[in-house]
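By convention in this document, chain letters (A, B, ...) are assigned in the order of the sequence lines, proteins followed by strands, and residues within each chain are numbered from 1. Nothing here was measured: the structure is a model prediction, and the numbers come from that model.
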2 protein chains.
Amino acid sequence: MAGPQHEAAGPRPTSRDVARAAGVSQATVSLVFGDKWRGRVAERTAERVRTTARELGYRPNLAARNLRLGRTRTALLVVPALTNEFFARVYTGAARVAAEHGFGVVLYPSPDGIGPARDPFDSSRAALDGILASSIASDALATIQGDELPLVMLDSDPAGSLGAATVNLDIGDGMRQATEHLLALGHREFLHLAAGVDSWTFDVRSEALATALRGTDAAVRTVRALLTVDDARTAAEAALRAPGPRPTALVCDDDILAAGACKAARRLGLRVPEDLSVTGFDDLTLATAVEPELTTVRLPAERFGEHGMTSLLAVLDGRTPRTDTLPVELVIRGSTAPAAR
Amino acid sequence: MAGPQHEAAGPRPTSRDVARAAGVSQATVSLVFGDKWRGRVAERTAERVRTTARELGYRPNLAARNLRLGRTRTALLVVPALTNEFFARVYTGAARVAAEHGFGVVLYPSPDGIGPARDPFDSSRAALDGILASSIASDALATIQGDELPLVMLDSDPAGSLGAATVNLDIGDGMRQATEHLLALGHREFLHLAAGVDSWTFDVRSEALATALRGTDAAVRTVRALLTVDDARTAAEAALRAPGPRPTALVCDDDILAAGACKAARRLGLRVPEDLSVTGFDDLTLATAVEPELTTVRLPAERFGEHGMTSLLAVLDGRTPRTDTLPVELVIRGSTAPAAR
DNA sequence: GCGCCGAGGTTTTACGTATAACGTCTAGCG
DNA sequence: CGCTAGACGTTATACGTAAAACCTCGGCGC
């Protein structure tokens, strides 16, 4: 029984109802709620309107406002799956910046279990001002590009950026840092545990790894796994059992894979990091929850989302689309150590 | 250069533009796009309208539709923090059911870093049909209750449900299962590692734990920590070092806490589960990533979200609000073992 | 005394859609 | 052959808001 008295439980009051009750015109109510009333409405009147509105429980109808203004202050964020902590953090960053500018963010979790979503604009019922598209394959990109909404790509395929504003994470450099760290520790037999889905990110990472190894006498093999602990463990176990020289350094495309790899090692009686060094990617909560804590490439997930939203707001403001790349940083913890002699 | 030809890069075409181009009235276009045209528009005409619309790149304006219909097919989901995998999964479940019914879901991450959000209805710009509120403290509840939107509570304070539809997880029973499991293993010295914030969930859990221990000769102490691995480790380490009989069973309110506790144990030279049994809550990805894998109370997070959204849709359909409780299940893994003699 | 100006409003219109109410035309039937 | 009943559309209107354009009136300079 707290809250404003909403005696008439009927339909929600409109600005006209408030106007009538306060003895002013609808336009005046609109002015007062539009924050642009200085000099146009007397302070006394404005105050009267506000208290009347409060008594009636009035709230501006957003659908009507959006229609009238022709914009919604709402952005769509396209992500593969929110259950991945990385994307949850991207969302958090994007939503923070959006909120600071009076924008809302609605999500479109693209391929993942969201039922018969025909396209983003059907499933997210909200009317949109712009789109922030993260890690999108080129086919999904086509769907989106069909629409003429302002678009910012997060970590897009360089081949497919299409002149849209883009924010990238310097994944390649992260791979380089991890690899050089391992080289410096004396490792020469590398195994690359990659995320399962074929994509351009795989190419970027593989190339960076290969480049870093060029000119050394180190060798690398590649194995793929789905992005789950279990699948990573299975894949890593098989790879570590394979004939040939046993890898001493395991470079993983994700902390989840790294965690699975550590379990595989333990099953095989290998100690991490004494017998096998492991690196991850992302620096998730997971990275410091497992033992040993993971050496990993930290991606600035929140800043990524913030930067993307900032870019989108800039584009909506008419500024020309930019392409930015955010640096990443290797965090050295307990899962890497000098190669055993 | 794929996608429909959007030659005129001007303002988006409206149903009137399509009508003009197709030689019909605006009403007809509206009928065709409204899926209710059977018997009212000839198939030939409908097809012509559709192709014209495609050529022009027409999309119905959702703001206008929402205004006209007086509903938005959009629900708000209030969660503490998406970076918590549990809530990300709740969202996923809710969004799936919503999508199946043509609804969208917009998020309001309540207390967590989302800047100067005055209230949910400001920050999530979308016009709403209803609210799904998860784990809300009573003060935030008041804010929401001030509005007269249909509301479904997820795991609400039983004291504050206010006749709204509610979906609960049987947390208390989960606690009971974990406790009885440990009792059966012979444990008698319990430590309860609880989440930091004071809340009704703490009371529910403590009481269930106490109830399960009643009539036995077991003792329990309680320690609180923030919901991070690090803080949990610190708190657990201090508690395990404290004077008095050393606990052999550590019941944690969350898998994150359990992971931290395992690290604390290892630091103190205690083996899990031989010297110390640990249980968690939620069954996150984390639970099987750490070693040993955590015995934990699995919460059906997706089903929780699905059920909540189903309830909300029912309420929006005019059905009377129900209160349901979903069962939870103890998953026994490697972090619990018989108490050492 | 007249014109002008600014403060403080009001009237009116448009945003794009959905739908109730209303034509029209053809075919069928007694 | 006149009347009626669909089938197929169209006209007109309302949803709630924002803002451009327009009023009114008191004061003030000359």
Side-chain angles (χ1 to χ4, degrees), chain A residues 10-50 52-53 56-74 102 121-122 125-129, chain B residues 10-50 52-53 56-74 102 121-122 125-129:
Chain A
R12 307 177 58 126
T14 74
S15 60
R16 221 175 304 267
D17 297 329
V18 175
R20 200 159 13 235
V24 297
S25 75
Q26 179 269 330
T28 303
V29 176
S30 182
L31 285 173
V32 170
F33 274 82
D35 280 344
K36 312 204 89 77
W37 52 278
R38 293 154 228 281
R40 320 257 307 112
V41 177
E43 176 56 48
R44 267 183 54 81
T45 314
E47 193 49 37
R48 182 156 41 100
V49 167
R50 277 190 292 258
T52 312
L56 265 51
Y58 167 72
R59 283 180 182 283
N61 180 317
L62 288 191
R65 174 177 289 177
N66 288 342
L67 173 58
R68 174 67 236 240
L69 294 179
R71 83 210 137 110
T72 59
R73 295 186 155 262
T74 297
F121 315 94
D122 269 5
R125 311 289 310 181
L128 303 174
D129 277 357
Chain B
R12 308 179 56 129
T14 74
S15 60
R16 221 174 303 266
D17 297 329
V18 175
R20 202 162 9 236
V24 296
S25 75
Q26 179 268 328
T28 302
V29 176
S30 182
L31 284 174
V32 170
F33 273 82
D35 280 345
K36 312 208 90 74
W37 52 278
R38 293 154 229 279
R40 321 255 308 114
V41 178
E43 175 57 50
R44 266 183 55 80
T45 314
E47 192 49 38
R48 182 157 41 99
V49 167
R50 277 190 291 256
T52 312
L56 265 51
Y58 168 73
R59 283 181 182 282
N61 180 316
L62 287 191
R65 175 177 289 179
N66 288 342
L67 172 57
R68 175 67 235 242
L69 294 179
R71 83 208 137 113
T72 59
R73 295 186 154 263
T74 298
F121 314 95
D122 269 6
R125 310 291 308 182
L128 303 174
D129 276 358

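A search for salt bridge (charged side-chain N to carboxylate O under 4.0 Å, His left out) contacts involving B:Asp17 returns B:Arg20, not counting sequence neighbours. Applying the side chain to side chain donor-acceptor pair (under 3.5 Å) rule to A:Asp129 yields the partners A:Thr72; only residues at least two apart in sequence or on another chain are considered. In terms of the side chain to side chain donor-acceptor pair (under 3.5 Å) criterion, residue partners of A:Thr28 (sequence neighbours excluded) are, by chain and number, A:Ser25. Residues forming a side-chain contact (heavy atoms from CB on, under 4.5 Å) with A:Ala53 (at least two apart in sequence, or on another chain): A:Val18, A:Phe33, A:Tyr58.
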- The contact string for nucleotides 6-13 of chain C, one letter per nucleotide 5' to 3', using protein heavy atoms under 4.0 Å with B, S and - for base, sugar-phosphate only and none, comes out as --BBBB--
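Comparing the start and finish of the helix from C:dG1-D:dC30 to C:dG30-D:dC1, five pairs each, the helix axis swings through 60°, to the nearest 10 degrees.
Computed from coordinates, the A:Leu69 CG to C:dA14 C1' distance equals 12 Å when rounded to whole Å. One interatomic measurement links the two molecules: CG of A:Asn66 to P of C:dT17, which rounds to 14 Å at whole-angstrom precision. Rounded to an integer number of Å, the gap from B:Asp17 CG to C:dG16 P is 8 Å. Straight-line distance from the CG atom of B:Leu67 to the P atom of C:dT19: 13 Å, rounded to whole Å.
Pairs engaging residues 24-33 of chain A under the salt bridge (charged side-chain N to carboxylate O under 4.0 Å, His left out) rule: none recorded [sequence neighbours left out].
Taking CG of B:Leu67 as the start and CG of A:Asn61 as the end, the distance is 6.0 Å to the nearest 0.5 Å.
Heavy atoms of B:Ser30 sit under 4.0 angstrom from at least one base atom.
One finds no side-chain N or O of B:Ser15 lying less than 4.0 angstrom from the OP1 or OP2 phosphate oxygen of C:dG16.
Taking every nucleotide of DNA chain D with any atom under 4.0 Å from a non-hydrogen atom of chain A, the first and last of them, 5' to 3', are D:dG16 to D:dA21.
Salt bridge annotation for B:Arg44-B:Glu47: absent, with no cationic side-chain nitrogen under 4.0 angstrom from a carboxylate oxygen.
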